[in-house]
Number of protein chains: 2
Amino acid sequence: MSRDVDDTRTRILNAAWQLLEQGAGKGVRMADVAALAGVSRQAVYLHFPSRAELLIETTRHIDAMHDVAGRLAASRAATGGLARLEAFIDTWSGYIPEVHGVCSALLAMRDTDAAAAAAWHDRMAAVREGCAAAVAALSADGMLRTDIDGDAATDILWTLLSVRNWEHLRQDCGWPQDRYVAAMKDLARRALTTD
Amino acid sequence: MSRDVDDTRTRILNAAWQLLEQGAGKGVRMADVAALAGVSRQAVYLHFPSRAELLIETTRHIDAMHDVAGRLAASRAATGGLARLEAFIDTWSGYIPEVHGVCSALLAMRDTDAAAAAAWHDRMAAVREGCAAAVAALSADGMLRTDIDGDAATDILWTLLSVRNWEHLRQDCGWPQDRYVAAMKDLARRALTTD
DNA sequence: GTGTCAATTGACACGATGTCAAATAGTGTT
DNA sequence: AACACTATTTGACATCGTGTCAATTGACAC
């Protein structure tokens with residue numbers, strides 16, 4: 001395994017991660033990352049061709065550290081449409097705070113950098129898959145509203161659970177995390193289920 | 001009145017507006033604005049101290065052109081809580097597309113520029129006022145859910161109607177405007193009213 | 001020792017914002 | 001006509017962050 005815990009590459013990724021989280025993605029420069037990693041600015045470019053790539057690799061790194069695949073698999077185990085929906089919201093809501101800094105930085109680069117835009121798109125497409133699965137489980141239980149189709153329901157859930165909405169409620173409205181989660185479960189249920 | 005329609009200042013504002021809308025706020029440089037206004041780059045700095053100020057003044061300019069105050073007053077005229085809520089959603093939803101470009105640019109500057117952050121905050125605070133008024137109308141009609149308070153309801157409506165959600169549904173999900181409006185009315189009703 | 005690889009060092013190009021000073025209209029005033 | 005006043009232009013320059021390049025250092029393997 002070439003990726004030792006003390007690898008320069010790993011130290012850089014951890015430094016980027018730390019700065020991105022503590023500063024919520026604002027103005028993290030290559031020089032800052034290098035300084036925190038205890039390495040020269042050029043060393044960063046030796047491992048990552050551009051700032052965009054560094055950010056993208058940082059999200060992969062965080063994913064690996066947090067076992068995202070495992071968490072999502074667990075949420076799939078829930079039986080029943082509503083339980084499944086809530087398990088998905090729990091999983092995703094718990095994940096957002098961990099990656100929020102990198103997400104912000106990536107979103108900010110989306111306008112200027114094609115690679116960042118593509119990476120963001122991929123990541124969001126994966127979230128949409130999760131939303132679609134939750135909607136399908138709801139539908140299988142006969143709990144999905146009948147006046148909209150699955151795609152529309154998926155889009156709505158996808159929108160409700162966006163990183164921006166998390167930011168808005170947590171930061172602009174000052175809601176605590178548990179209140180955010182409860183509100184999202186409530187909103188999703190009201191938006192998607194019959195009765 | 002110093003603000004003639006052929007004023008250099010006005011030409012610059014119109015140029016900024018046009019570029020911002022057509023490019024959805026992406027990478028509009030001072031030189032681009034100057035070129036479209038048919039003026040030197042320095043002339044822009046003669047009228048606006050910084051890019052942030054130019055963006056802020058552009059939003060004011062658009063507001064003035066569109067008679068925002070008048071539109072909002074009209075939405076206040078609706079009788080009944082639900083009608084009032086829907087009128088507000090109609091007004092605001094119709095306004096977002098006009099200012100979306102400037103909003104994007106302002107949002108992108110929020111991280112690096114304090115003036116931009118303050119201007120955005122003010123603008124969003126005004127929207128929240130509108131949300132609060134709609135919630136109050138709902139409450140007066142006894143149609144507001146009783147399990148949450150007015151502030152929470154306002155925050156939820158404010159979140160649903162965010163510019164980001166409009167972007168997400170219109171651009172990432174590819175929804176047409178009328179579908180967006182209908183979905184927002186439906187979502188707001190389900191999220192906020194009893195029954 | 002000699003290669004090899006990782007990292008450092010310092011210089012530089014580039015694009016964008018913002019500043020500055022001097023030159024140049026254009027407009028009216030007397 | 002000469003004058004002043006204002007808006008605008010022109011071109012140079014400082015700054016900051018990204019990204020590139022080339023020469024050098026240091027460590028470890030054979």
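Here the structure is a predicted model, which is why all the values come from computation and not from measurement. Just so we're on the same page: letters track the sequence lines, and every chain starts at 1.
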Please report, rounded to the nearest Å, how far the [atom2] atom of [N] is from the [atom1] atom of [X].
X: B:D32; N: C:dG15; atom1: CG; atom2: P; answer: 13 Å
X: A:Y45; N: C:dT9; atom1: OH; atom2: P; answer: 17 Å
X: B:R11; N: D:dA7; atom1: CZ; atom2: C1'; answer: 12 Å
X: A:L54; N: D:dG19; atom1: CG; atom2: C1'; answer: 13 Å
X: B:L55; N: C:dG18; atom1: CG; atom2: C1'; answer: 15 Å
X: B:F48; N: D:dA7; atom1: CZ; atom2: P; answer: 14 Å
X: B:R29; N: C:dT17; atom1: CZ; atom2: C1'; answer: 12 Å
X: B:R51; N: C:dT19; atom1: CZ; atom2: C1'; answer: 18 Å

(request) Mark yes or no for whether B:S93, through its side chain, and B:D90, through its backbone, hold a donor-acceptor pair below 3.5 Å. (result) no

(message) Looking at A:W158 and A:M124, would you say the former's side chain and the latter's main chain have a donor-acceptor pair under 3.5 Å?
(response)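 Checking the backbone N and O of A:M124 against the side chain of A:W158, a donor-acceptor pair under 3.5 Å is found.
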
(message) So for A:R41 and D:dG17, does any side-chain atom that can act as donor or acceptor lie under 3.5 Å from a complementary atom in the base?
(response)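 In this structure, the two groups form no donor-acceptor pair.
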
(message) For A:H66, is the NE2 atom crowded, meaning more than 12 foreign heavy atoms sit under 6.0 Å from it?
(response)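 More than 12 heavy atoms, drawn from other residues, nucleotides or ligands, come within 6.0 Å of this atom.
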
Return the polar atom pairs (N/O with N/O) between nucleotides 3-7 of chain C and the protein under 3.5 Å, or none.
from, atom 1, to, atom 2, distance (Å)
C:dA7, OP1, A:T8, OG1, 2.2
C:dA7, OP2, A:H47, NE2, 2.8

(request) Between A:Q42 and B:S50, just flag the one whose closest nucleotide in DNA chain C comes earlier from the 5' side. (result)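 Per heavy-atom nearest nucleotide, the more 5' residue is A:Q42.
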
Salt-bridge present ([X], [Y]; N to O < 4.0 Å):
X: B:D186; Y: B:R190; answer: yes
X: B:R123; Y: B:E129; answer: no
X: A:R145; Y: A:D147; answer: yes

(message) Within the structure provided, determine whether A:V181 and A:M184 are in side-chain contact (heavy-atom separation under 4.5 Å).
(response) no

(request) Tell which nucleotide pairs with D:dG26, taking only Watson-Crick or G-U wobble pairs whose two distances are both under 3.5 angstrom. (result) C:dC5

